[in-house]
Amino acid sequence: PLVPAGQFAGGGLVAQDANGEQAKLSLVKYHVDVAIEDGYARTTIDQTYFNHANWQLEGTFYFPLPSDASLSRLAMYVDGTLMEGGMAERD
């Protein structure tokens with residue numbers, strides 16, 4: 001496999017409530033689209049999660065990449081509004 005199997009092998013969103021406790025989210029949609037462009041595979045992954053709580057949660061999205069891969073964009077819709085995300089190095 002390109003990425004070793006693990007807890008977040010296909011990506012995962014971990015949310016916390018205001019008390020720092022892990023909150024339940026359900027993955028309700030997972031769609032992958034791959035297009036080959038100039039010898040590179042551009043892969044778009046669309047994941048939709050459902051928040052079971054009646055309040056806003058804060059979360060961290062984990063997505064392991066092979067060593068020769070790069071991430072170009074991370075964005076999400078919150079109540080229908082597109083929000084661009086930030087990325088941090090693994091270290």
Is the closest side-chain heavy-atom distance between Tyr49 and Tyr30 below 4.5 Å?
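Not in contact.
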With side chains defined as the heavy atoms from C-beta onward, is the minimum distance between Leu27 and Gln47 less than 4.5 Å?
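With C-beta onward as the side chain, the pair touches.
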To the nearest 0.5 angstrom, please state how far the [atom1] atom of [X] sits from the [atom2] atom of [Y].
{"X": "Thr43", "Y": "Ile36", "atom1": "OG1", "atom2": "CD1", "answer": "7.5 Å"}
{"X": "Asn51", "Y": "Leu25", "atom1": "CG", "atom2": "CG", "answer": "6.0 Å"}
{"X": "Asp17", "Y": "Gln22", "atom1": "CG", "atom2": "CD", "answer": "10.0 Å"}

Apply side chain to side chain contact (heavy atoms under 4.5 Å, CB included) to the pair Glu37 and Arg42, showing each step before the final yes or no.
CA-CA 7 Å; Glu37 301 171 1; Arg42 176 180 285 287; 3.6 Å; yes
Check whether Leu13 and Trp55 end up in the same hydrophobic cluster, where Ile, Leu, Val, Met, Phe, Trp and Tyr are linked by side-chain heavy atoms less than 4.5 Å apart.
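Yes.
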Are Val28 and Tyr77 connected in a single hydrophobic cluster, I mean Ile/Leu/Val/Met/Phe/Trp/Tyr linked by side-chain heavy atoms less than 4.5 Å apart?
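In one cluster: no.
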With Glu21 via side chain to side chain donor-acceptor pair (under 3.5 Å) - residues at least two apart
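Glu21: no side chain to side chain donor-acceptor pair (under 3.5 Å) contacts found.
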Going by side chain to side chain donor-acceptor pair (under 3.5 Å), name the residues that satisfy it together with Asp46, two or more places apart in sequence or in a different chain.
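Result, side chain to side chain donor-acceptor pair (under 3.5 Å) vs Asp46: Lys29.
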Could you tell me which residues satisfy ring-ring contact (aromatic ring centres under 6.0 Å, His included) with Phe50, sequence neighbours excluded, listed by chain and number?
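Partners of Phe50 under the ring-ring contact (aromatic ring centres under 6.0 Å, His included) test: His52.
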Mind checking side-chain contact (heavy atoms from CB on, under 4.5 Å) for [X] and listing every partner two or more places apart, or none if nothing turns up?
{"X": "Val78", "result": "Met76, Met83"}
{"X": "Ala75", "result": "Arg73, Leu82, Glu84"}
{"X": "Ala69", "result": "Leu65, Pro66"}

